[in-house]
Participant: 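My questions will all concern the structure given below.
Computation of the quantities below employed the complete heavy-atom set of this structure, encompassing side-chain atoms and omitting hydrogens, waters and symmetry-equivalent molecules. Each chain gets a letter, A, B and so on, in the order its sequence line appears, and its residues count up from 1.
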Amino acid sequence: MAEEFEPNILGILCNWCTYAGADLAGTSRTQYPPNVRVIRIMCTGRLDPAFVLKALSVGADGVLVSGCHVGDCHYLAGNFKSRRRVALLRKLIEEYGYDRERLRMTFISASEGAIWAEVVQDMVNTIKKLGPNPLKQVGAAGAAGQVGVVADDEF
Amino acid sequence: MDEEKRIGVFICHCGTNIAGVIDVKELAEYAKTLPNVAHAQDYTYMCSTPGQAMIRDSIKEHNLNGTVVAACSPRLHEPTFRKATEEGGVNSFLFSMANIREQDTWVHMEEPEKAMEKAKDVVRMEVARASMLEPLTPKTVPVEKAALVIGAGIAGIQASLELADAGIKTYLVEKEPSIGGNMSRLDKTFPTLDCSQCILTPKMVDVERNPNIELMTYSEVEDVSGYIGNFDVTIRQKSRYVYEDKCNGCGKCQEVCPVSRPNEFDLGLMPRKAAYVPFPQAVPLKFTIDMDSCIKCDLCKGEEACGDLEAIDFDKPDELTTVKVGSIIVATGFDMYDVERKEEWGYKVFDNVVTGIEMERLISASGPTGGNIIRPSDGQKPKSVGFVLCAGSRDQDEEDGAKPYCSRVCCMYSLKHAHQLIEKIPGCVPYLFYMDIRSFGKAYEEFYYRIQNEGGKFIRGRVARITEDPITKNLTVTAEDTLLGTPVEMEVDLVVLANAVVPAESTQKLKTLLTLSNSPDGWLLEAHPKLNPMSTTTDGVFLAGMCQGPRDIPDVVAHAAAAAAAASIPIHKGSVTLEPIYAIVDQEHCGGCATCIGVCPYGATELNEVDSKLVASVNEAKCKGCGTCGSACPSGAIKMQHFTNEQIMSEIEAFAQGW
């Protein structure tokens, strides 16, 4: 019997809002699916498009970027910049053959632990419908990290 | 890497918080198999003194040059373990934290196997990150020996007096013409029945007299830049059209002024002139001319009035002042819920429906009726008064803008009103329609008993509807008595709506200027709800009073004093240590495209000519470390320290080893 597909999702969260919100979900013991691994950055403005491309290229099934609500950025406007980048990236990854739903940006404040749990649940549902990262299917041949859609030499 | 990486991984049990869900021993064994890991061990409480000693000693014993602690959130204990790492002789920025509690064992308790898998992934990712970390040196900067307090209600007044008494120069900014805030509107305070003005006015006068306090009334904060220890604040002093140094408060301008308009201080229950002070005890006692209603008849300037004093000048402009302060306290208070939105209660439709704060003015000796409690419709003394508690509080009706939280003051001030009615109008019966009476403070419950004994009537049920008899103007209150399970209809002479307190509208602009957040209920968000309710996530900015959430006067005063103490710490210390998390430019690779200039929200990036080539540089003092420039730089010349591309990429690669 085939095991149910469990997506591997990378979360890239800003320190001040969503990371704190995700902590609050923990403090409140709000249960949600264990499919997300989190990288903490100070601000979603730090989101280099290469991070998203890298994650997909190494086989992540989805990338969830989340920061402060618009207007609430700890650094005034980092989330605005990230929002634009993500909008462009969603188009770009389509060019590479990824469904744009594999990349999502949300805005979750430090007090919205329950919303973080909902967002994760929803993202997991979405990715489950989309199935594994297509590279994973192709790339039984290549070990993770070897099948690159972008040159990552510069890193 | 020049030096071989030797990382120590320390797994915390956190009692059973972590160890009750996952096998910490197995996790430690797993950590040992990871690249660059020279040592791994687990312990019950890593943050305890022996736990920290374990980190310190292991660094020496195993010759470690990097540490990873897998425990709670870095937002909680990163400083603790950085310090332990530093004490072991390793740069504190060579430490990384794996969050396996808040974001793992607490949220995946029901799936321990998957929680274990996640813990392994998280530890692996942090070890990868730790392998790429670089030593950094925090910077120490001097602190300006002055503070700014925004808002001069009881919270701002208390905070300013505490700071000033501690020898700190304090700028107190208030948007209204007088200090005092909402407390100056109150008649008596519960449960002691102290006269509000009698206890507040001496403090207001102290503020004016204190040589360390520079009072700026009728002023607003226009701009804030800088960081803890070194804030530059621009304050707009709105023109009163009166020279404060010349005005002696004689009030002759007010006497001759022909204009009449509702006084905001009395919530429009009483008129004021265009030349006015909001209330007799105003501090400073300087007149203000309300230019929106002034007809420029010049009577106030005449010989009968201001005359030779020449204090009035219709052309006096606003003034902008810039001050430098080390810390800032926000004490901007609250607004009252617009209870007009609850149409079923008929506020502003029926004459005899008033709000709690209007009732305060009706009871106050300095109020519109000189302290005679009368019904607005006919000036008669009410013989029966209905109180609607939780008017807009504890109410999930979002459409009406009502608030789910408890406003914490309405039960008690309604009890106080009930007492005052019984005392002042013989035979008057107050009927309190309540959900629960929340008399939680010192001597509050006793006060509640007292009102019961004095003849206050309590009906447990929320008021569904209020209707008016068009002839008598009496009101019929309809509710369900939930204790008897019967509907109640009661005719009363007057209804008081104990309306909710809501976040102040004026706080919104400040929130953006100071990059503060709010909780879902709209109040400003504190750094920690229990352990740090007076600090914010912006270093050097503190909260005092109701701006952080509903509280009564004793709690506001305590909160304000706590904020003052916290705000004085960096000032008395004289210097603050800044995180070395700022961007640096590799000028060799910089193409001078100026992309980074456009994206920096702080103007910290600048373009200069070096060796006849335009290159960018980052002003460390201005940079706050968001990293936006680093991700925008097309040539990869900007390095965001502690969050470098290499560090983040290594985490992503480690993440990918999970399948």
Participant: Tell me, out of A/P34, A/C43, A/A25, A/G113, who's got the most heavy-atom pairs with chain B below 4.5 Å.
Facilitator: A/P34
Participant: If you measure from CD on B/Q103 to CZ on A/R37, what distance do you get to the nearest 0.5 Å?
Facilitator: 11.5 Å
Participant: For B/M109, does its backbone N or O pair with a side-chain atom of A/Q31 as donor and acceptor, under 3.5 Å?
Facilitator: yes
Participant: For B/D104, which atoms come within 4.5 Å of any heavy atom of chain A: side chain, backbone, both, or neither?
Facilitator: neither
Participant: So which residue, B/V122, B/T537, B/I581, ends up with the most heavy-atom pairs under 4.5 Å with chain A?
Facilitator: B/T537
Participant: What are the two closest non-hydrogen atoms of B/N518 and A/S111, and how far apart are they?
Facilitator: O-OG, 4.2 Å
Participant: Sort B/L525 into side chain, backbone, both or neither according to what part of it lies under 4.5 angstrom from a heavy atom of chain A.
Facilitator: side chain
Participant: In Å, rounded to the nearest 0.5 Å, how long is the span from CG of A/N8 to CZ of B/F655?
Facilitator: 5.5 Å
Participant: Can B/S73 and A/D23 be said to form a side chain to side chain donor-acceptor pair (under 3.5 Å), step by step?
Facilitator: CA-CA 7 Å; B/S73 171; A/D23 277 354; 2.3 Å; yes
Participant: With a 4.5 Å cut-off on side-chain heavy atoms, are B/N99 and A/V38 touching?
Facilitator: no
Participant: For A/I9, is it the side chain, the backbone, both, or neither that has a heavy atom closer than 4.5 Å to a heavy atom of chain B?
Facilitator: backbone
Participant: State, with a plain yes or no, whether a side-chain heavy atom of A/H74 is found less than 4.5 Å away from one of B/K624.
Facilitator: no
Participant: How far does CZ of A/F51 sit from CG of B/N645, to the nearest 0.5 angstrom?
Facilitator: 4.5 Å
Participant: Given the options A/A60, A/G78, A/G71, which has more heavy-atom pairs under 4.5 Å with chain B than any of the others?
Facilitator: A/A60
Participant: Shortest non-hydrogen contact from A/K81 to B/V599?
Facilitator: NZ-O, 2.6 Å
Participant: Can you tell me if A/K136 uses its side chain to pair, donor with acceptor, with the backbone of B/W659 under 3.5 Å?
Facilitator: no
Participant: Side chain from CB out, backbone as N, CA, C, O: work out which of these in B/E111 comes under 4.5 Å of a heavy atom of chain A, or both, or neither.
Facilitator: side chain
Participant: Tell me, for A/Y19 versus chain B, whether the close heavy atoms (under 4.5 Å) come from the side chain, the backbone, both or neither.
Facilitator: both
Participant: Working to the nearest 0.5 angstrom, can you tell me the gap between A/N35 CG and B/E117 CD?
Facilitator: 9.5 Å
Participant: May I ask you to check whether over 12 heavy atoms, not counting those of B/H528, lie within 6.0 Å of atom NE2?
Facilitator: yes
Participant: Is it the backbone or the side chain of B/F643 that comes under 4.5 Å from a heavy atom of chain A, or both, or neither?
Facilitator: both
Participant: Against chain B, label A/I41 side chain, backbone, both or neither, depending on which of its atoms sit under 4.5 Å from a heavy atom there.
Facilitator: both
Participant: What part of A/E112 is in contact with chain B, defined as an atom under 4.5 angstrom from a non-hydrogen atom: side chain, backbone, both or neither?
Facilitator: neither
Participant: Between OH of A/Y75 and OG1 of B/T628, what distance do you get to the nearest 0.5 Å?
Facilitator: 9.0 Å
Participant: Calculate, to the nearest 0.5 Å, the distance between atoms OG1 and CG belonging to B/T644 and A/D48 respectively.
Facilitator: 11.0 Å
Participant: Provide the closest heavy-atom pair for A/L76 versus B/T512 in the form atom of the first, atom of the second, distance.
Facilitator: CD2-O, 4.1 Å
Participant: Of the listed residues (B/G625, B/C626, B/S519, B/S650), which shares the most heavy-atom pairs with chain A below a 4.5 Å separation?
Facilitator: B/C626
Participant: Given heavy-atom pairs under 4.5 angstrom as the criterion, report whether the side chain, backbone, both or neither of A/A20 touches chain B.
Facilitator: both
Participant: Is there a donor-acceptor pair closer than 3.5 Å between any side-chain N or O of B/R75 and the backbone N or O of A/N15?
Facilitator: yes
Participant: Which answer fits A/T27, side chain, backbone, both or neither, if we ask what part of it has an atom under 4.5 Å from a heavy atom of chain B?
Facilitator: both
Participant: Are any non-hydrogen side-chain atoms of A/K54 and B/I648 less than 4.5 angstrom apart?
Facilitator: no
Participant: Taking side chain as everything from C-beta outward and backbone as N, CA, C, O, which of these in B/T105 sits under 4.5 Å from a heavy atom of chain A? Side chain, backbone, both or neither.
Facilitator: neither
Participant: For A/R85 and B/A632, which heavy atoms make the closest approach, and how far apart are they?
Facilitator: NH2-CB, 3.5 Å
Participant: Run the side chain to side chain contact (heavy atoms under 4.5 Å, CB included) check on B/M640 and A/M42 step by step: do they pass?
Facilitator: CA-CA 10 Å; B/M640 184 55 234; A/M42 296 312 277; over 6 Å; no
Participant: Counting distance only, does the side-chain N/O of B/S631 pair as donor-acceptor with the main-chain N or O of A/G45 below 3.5 Å?
Facilitator: yes
Participant: By a 4.5 Å heavy-atom criterion (distance strictly below it), what part of A/C73 contacts chain B: side chain, backbone, both, or neither?
Facilitator: backbone
Participant: Using only atom types and a distance under 3.5 Å, with no angle test, would you say the side chain of B/E653 pairs donor to acceptor with the backbone of A/V58?
Facilitator: no
Participant: Using heavy-atom distances under 4.5 Å, tell me whether B/M125 contacts chain A through its side chain, its backbone, both, or neither.
Facilitator: side chain
Participant: Count the heavy atoms belonging to other residues, nucleotides or ligands that lie under 6.0 Å from CZ of A/R29, then report whether that count exceeds 12.
Facilitator: yes
Participant: Please classify the contact of A/P49 with chain B as side chain, backbone, both or neither, using a heavy-atom distance under 4.5 Å.
Facilitator: side chain
Participant: Between B/E651 and A/R40, does at least one N-O distance fall below 4.0 Å, as a salt bridge requires?
Facilitator: no
Participant: Considering only heavy atoms and a distance below 4.5 Å, find which of B/H108, B/K511, B/R129 pairs most often with chain A.
Facilitator: B/H108
